[in-house]
Amino acid sequence: MPELPEVETIKNDLLPLISGQIIKAVEIYWPGTLRNASVETFSGEVVGRTIAGSKRRGKYLVFPLDNGKSIAVHLKMSGSLLFIPKGESLSASHVRAMFVFDDGSRLAFRDIRKFGGIWLLEKNSGFLDKLGPEPLENNFTPQIFQNILKGRDIPIKALLLDQVAIAGIGNMYADEALFEAGIKPGEKAGGLREDEAGKLYSAILNVLKKGIKSGGASVSTYQRPDGSKGLSHRDFRVARRRDQQCLECKTPLEYTKVRGRGTIYCPHCQK
DNA sequence: CATTGTCCCTGGAAGC
DNA sequence: TGCTTCCAGGGACAAT
């Protein structure tokens, strides 16, 4: 399940592979993949255009085109983007869309559960403006984070998952950040002391940076555009460790639901 | 407005 | 072995 570190990894991997590529054709195998355009409209706007780069905003991948428009991709739970060099074939199932480039290479959008999607964004569309601040950008400061927490009457984990509050954090890295900060996921966001908020701020940055450094977490169907896996899940202390004991204190980890999301934490290390 | 609940979808795991 | 049932979860949307 791609979160910020996974999407950042895919973005970086794709940058040298697709920048400057001319889109020769678009093949849509499941029309629902296109979320705001018909197959005809999408193809008409995209075919013949050159991809100008590879960016990320929250969990969205954004590929700017040379006409000012952009293609946005959200992988949601089970999506992946696979780059297929010229002359090579793809043995993956559940391919929902394919971008064919002028030089014979291709980019496949694979998505088992059909939660993911592709959007055509107009120039300055504002589509991504609803997202909260990027946690790894300089303008995300401890003070900004304090302000985001202030007055919020929801579990801190629910706030971390709220893309309008902060962009890019998902279920795994939320649990990891809360463990590193020593804070229980069910604590009220607005009730955190300043020092707790400061710890959590640092923990968020740490777990996301560490995740990027390891190429993302290859749980579920996540894979990089060349088909390789990430290693970030090896560093997880609580995420994906249901029914195990805490690596620090050996206390059995607790499993609960916060706003419908599976949540794992150490009842001893997290207060 | 703030917060919580429901639903989408599928493969894999668990139960019988 | 083979069938059925349950579960995971990001985010749009509905309900409270």
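Note that this is a predicted model, so its numbers are computed, not measured. Only this structure's heavy atoms are used, side chains among them; waters, hydrogens and symmetry mates stay out. Order of the sequence lines fixes the chain letters, A, B, ..., with proteins taken first and strands second; residue numbering starts at 1 for each chain.
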* Asked: How would you label the contact of A/R35 with the nucleic acid (heavy atoms, under 4.0 Å): base, sugar-phosphate, or nothing?
  -> nothing

* **Side chain A/E6, main chain A/E3, donor-acceptor under 3.5 Å** => yes

* Residue A/F115, side-chain atoms from C-beta onward, closest of B/dC8, B/dT10, B/dT4 -> B/dC8

* Structure fact -> Atom NZ of A/K76 and atom P of B/dT10 are separated, to the nearest Å, by 14 Å

* Asked: Does A/K199 make a cation-pi contact with A/Y201 (under 6.0 Å, within 45 degrees of the axis)?
  -> no

* Are any non-hydrogen side-chain atoms of A/F99 and A/I51 less than 4.5 angstrom apart? -> no

* To do: Without swapping roles, check the side chain of A/Q21 against the backbone of A/L17 for a donor-acceptor pair under 3.5 Å.
  => yes

* Salt-bridged, A/E176 to A/R237, with N to O below 4.0 Å? -> no

Output a table of donor-acceptor pairs, distance under 3.5 Å, between side-chain atoms of residues 255-263 of chain A and any protein atom two or more places apart or on a different chain; print 'none' if there are none.
from   : atom 1 : to     : atom 2 : distance (Å)
A/T263 : OG1    : A/K157 : NZ     : 2.8
A/T263 : OG1    : A/R261 : O      : 2.9

* Earliest and latest nucleotide of DNA chain C, 5' to 3', sitting under 4.0 Å from a non-hydrogen atom of chain A? -> C/dA8 to C/dA12

* Residue among A/K55, A/K59, A/R57 satisfying salt bridge (charged side-chain N to carboxylate O under 4.0 Å, His left out) with A/E134 -> A/R57

* Separation of B/dT3 C1' from A/D162 CG (nearest whole Å) -> 10 Å

* Contact class for A/K188 (heavy atom, under 4.0 Å): base, sugar-phosphate, or nothing? -> nothing

* Structure fact -> Result for 5'-nearest mapping on DNA chain B, choosing between A/D153 and A/R261, is A/D153

* Side chains of A/R110 and A/S93: do they bring a donor and an acceptor to under 3.5 Å? -> yes

* Structure fact -> Taking five pairs at each terminus, the helix from B/dA2-C/dT16 to B/dC16-C/dG2 shows an axis bend, to 10°, of 50°

